[in-house]
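Worksheet: the structure to be examined is printed underneath.
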Protein chains: 2
Amino acid sequence: MSTAEETAGGDTSAWGEVTPDAARRLLIAAVEAFAERGYHATTTRDIAGRAGMSPAALYIHYKTKEELLHRISRIGHEKALEILRTASRREGTAAERLADAVSSFVRWHAGGRTTARVVQYELDSLGPDARAEILALRRQCDAEVRGIIEDGVAAGDFDVLDVKGTTLAVLSLCIDVARWFSVDGPWAPDEVGALYADLVLRMVGVK
Amino acid sequence: MSTAEETAGGDTSAWGEVTPDAARRLLIAAVEAFAERGYHATTTRDIAGRAGMSPAALYIHYKTKEELLHRISRIGHEKALEILRTASRREGTAAERLADAVSSFVRWHAGGRTTARVVQYELDSLGPDARAEILALRRQCDAEVRGIIEDGVAAGDFDVLDVKGTTLAVLSLCIDVARWFSVDGPWAPDEVGALYADLVLRMVGVK
DNA sequence: GCTGAAGGTGAGCGGGCGCTTAGCGTGGCC
DNA sequence: GGCCACGCTAAGCGCCCGCTCACCTTCAGC
């Protein structure tokens with residue numbers, strides 16, 4: 001896992017690679033606005049206002065409103081893929097690797113709920129080209145999880161009827177955390193991660 | 001389960017209660033448009049056009065665009081609740097009732113994907129009052145599933161660590177089907193329903 | 001101190017939005 | 001046939017959208 005998970009309160013970390021400072025502030029403002037109201041219901045005036053700038057400033061750093069979503073989506077998906085890859089490539093049994101992947105992936109969706117919501121649910125608002133690029137990243141995420149499950153089946157550790165379907169279900173379960181998780185709810189991201197890791201191990205019939 | 005599930009090809013059934021005919025055509029057009037592009041990206045001109053009417057016709061049958069979403073959402077949630085209730089109240093072991101609930105609920109999300117998408121993912125576009133009304137229906141859905149799981153635990157049939165969390169995960173898994181399911185994909189609604197019923201029985205540790 | 005690049009602003013454009021209104025065609029009732 | 005209620009349309013209002021443009025500041029380099 002990464003050295004520092006996104007903190008609660010306003011996951012503004014992990015955008016360090018975005019420069020200059022004004023461009024990063026606009027990006028973070030866009031993430032928050034998109035997460036709260038959705039891409040289409042968010043106005044460029046709202047984004048600029050949150051970043052403490054005039055509406056015109058947005059267009060110095062980004063060509064269009066859609067470019068903002070594209071950048072957010074790509075960075076987010078790359079982070080998600082990195083999380084799954086790290087868990088997949090560590091040492092240990094398939095069960096340990098799968099539990100690690102699920103718990104860290106869920107922690108990211110719960111803790112960085114704001115970002116994850118945009119990343120997972122605003123995909124359809126991208127144009128065809130950007131969308132295709134992001135879908136390629138998603139297929140890689142799928143491949144990482146499927147790889148772990150296939151390893152478990154091959155080693156005789158898992159009992160799975162349908163590898164493809166189970167992979168989809170596992171990812172679906174994790175992703176949907178971004179929809180329902182709330183910081184005001186009864187669980188901390190860690191707790192959901194642990195619960196979900198247990199549930200997923202049951203789903204793959206770990207022995 | 002109901003006598004007739006929604007058919008593929010354009011789930012226009014189940015709107016029989018909406019009259020007159022023009023109002024129903026507008027509602028079905030709105031469901032399709034909202035599912036394809038999202039509530040905020042859909043225009044009233046688009047809805048009216050799909051229904052073969054002029055933009056102004058919409059306002060004879062509905063006060064606002066939001067009222068359309070509200071009506072769709074309420075009818076959809078009532079249908080979802082009815083599906084879960086029917087499964088919950090049938091005879092049989094907790095495992096049989098849970099498998100029934102999950103498979104029929106998933107079949108509805110997969111087969112009536114268009115409607116389910118709007119119902120499950122456009123909730124935030126409703127105003128506070130309408131939203132509160134719909135959330136009450138969602139809590140009832142949650143209660144039906146939790147009831148079955150509690151029955152299974154009480155009877156000693158299930159092995160569950162966290163009833164509330166597991167209930168949430170089961171519902172989350174089913175609901176997210178509306179996001180990823182495609183009629184062009186490799187599965188039929190029935191197949192996903194059967195797969196998911198098996199996965200959920202594993203999650204609750206059925207003995 | 002002058003200059004040019006970089007990063008910002010205020011004002012506003014063209015257009016499409018949700019929604020309204022005046023008026024038209026039509027079928028039921030006397 | 002005369003009348004009216006109803007369902008609908010054509011036209012368009014007022015607003016706010018994404019985005020642009022002319023201009024202003026700041027500051028490094030010389």
Side-chain angles (χ1 to χ4, degrees), chain A residues 15-73 118 122-131, chain B residues 15-73 118 122-131:
Chain A
W15 301 112
E17 64 180 88
V18 181
T19 53
D21 182 65
R24 181 170 53 248
R25 271 161 46 219
L26 284 165
L27 202 87
I28 291 168
V31 170
E32 290 172 359
F34 292 162
E36 267 178 39
R37 314 151 67 85
Y39 175 77
H40 287 290
T42 299
T43 69
T44 53
R45 284 163 177 82
D46 183 23
I47 297 169
R50 283 174 193 252
M53 305 168 95
S54 76
L58 196 151
Y59 295 90
I60 294 165
H61 300 282
Y62 302 95
K63 270 214 299 287
T64 61
K65 177 179 151 186
E66 195 197 318
E67 192 192 327
L68 267 167
L69 179 59
H70 185 194
R71 289 267 255 267
I72 291 166
S73 201
V118 179
E122 299 293 340
L123 199 65
D124 291 339
S125 302
L126 288 171
D129 292 353
R131 206 179 123 88
Chain B
W15 301 113
E17 63 180 272
V18 182
T19 51
D21 182 66
R24 183 170 51 249
R25 270 159 50 216
L26 283 163
L27 202 87
I28 291 167
V31 169
E32 288 171 2
F34 291 162
E36 265 178 40
R37 317 152 66 88
Y39 175 78
H40 286 291
T42 299
T43 70
T44 53
R45 284 163 178 82
D46 184 21
I47 296 169
R50 284 175 191 250
M53 305 167 97
S54 78
L58 197 151
Y59 293 90
I60 294 163
H61 300 283
Y62 302 96
K63 270 214 299 288
T64 62
K65 176 179 151 186
E66 196 197 317
E67 192 192 328
L68 267 167
L69 179 59
H70 185 194
R71 289 266 257 266
I72 292 166
S73 202
V118 178
E122 299 293 342
L123 200 65
D124 290 341
S125 301
L126 287 171
D129 291 353
R131 206 180 124 86

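In what follows, chains are A, B, ... by sequence order, proteins preceding strands, each numbered from 1. If you're wondering where the values come from, they're calculated on a predicted model, not measured in any experiment.
B/Glu32 CD to B/Thr42 OG1: the interatomic distance, rounded to the nearest 0.5 Å, is 11.0 Å. Here the straight-line distance linking atom CG of A/Asp21 with atom NE2 of A/His61 works out to 9.0 Å at 0.5 Å rounding. Considering CZ of B/Arg131 and NE2 of B/His70, their distance stands at 12.5 Å, rounded to 0.5 Å. To the nearest 0.5 Å, atom OH of residue B/Tyr59 and atom CG of residue B/Leu26 are 11.0 Å apart. Between A/Glu122 atom CD and A/Leu69 atom CG the span is 6.5 Å, to the nearest 0.5 Å.
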Every protein N/O within reach of nucleotides 23-25 of chain D N/O, cut-off under 3.5 Å:
none

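Only A/Thr42, A/Thr43, A/Thr44, listed by number, bring a heavy atom of residues 35-44 of chain A to less than 4.0 angstrom from any atom of DNA chain D. Of the residues in residues 60-70 of chain A, those placing a heavy atom less than 4.0 Å from an atom of DNA chain D are A/Thr64, A/Lys65, in numerical order.
If you measure from atom CG of A/Asp46 to atom C1' of D/dG18, you get 14 Å, rounded to the nearest angstrom. Summarising the geometry, the separation between OH on B/Tyr59 and P on D/dA11 is reported as 19 Å, rounded to the nearest angstrom. Whole-Å rounding puts the B/Met53 CE to D/dC6 C1' distance at 13 Å. We find that CG of A/Leu26 is positioned 14 Å from P of D/dC19, with the value rounded to whole Å.
Residue pairs meeting the ring pair (Phe, Tyr, Trp, His ring centres under 6.0 Å) criterion with at least one partner in residues 25-49 of chain A, sequence neighbours excluded, are A/Phe34-A/Tyr39. Pairs engaging residues 34-59 of chain A under the salt bridge (Lys or Arg N to Asp or Glu O under 4.0 Å) rule: A/Glu36-A/Arg50, A/Arg37-A/Asp46, A/Asp46-A/Arg50 [sequence neighbours left out].
A residue-by-residue look at B/Arg25 and B/Arg45 shows that B/Arg25 has its nearest nucleotide of DNA chain D further toward the 5' end.
Close approach of DNA chain C to chain B, defined as any atom under 4.0 Å from a non-hydrogen atom of the protein, starts and stops at C/dC17 to C/dT21.
A pairwise comparison of heavy atoms in B/Ala35 and B/Val118 identifies N-CG2, 3.5 Å as the closest pair. The two atoms that bring A/Pro55 and A/Ala48 nearest to each other are CA-CB, 3.7 Å, heavy atoms only.
At least one side-chain heavy atom of B/Ser73 sits less than 4.5 Å from a side-chain heavy atom of B/Leu126. In this structure, A/Leu58 and A/Leu68 have side chains that are in contact, with non-hydrogen atoms separated by less than 4.5 Å. Looking at heavy atoms from C-beta onward, B/Thr44 lies out of side-chain contact with B/Tyr62 at the 4.5 angstrom threshold. In this structure, the side chains of B/Ile28 and B/Arg25 stay at 4.5 Å or more apart for every pair of heavy atoms.
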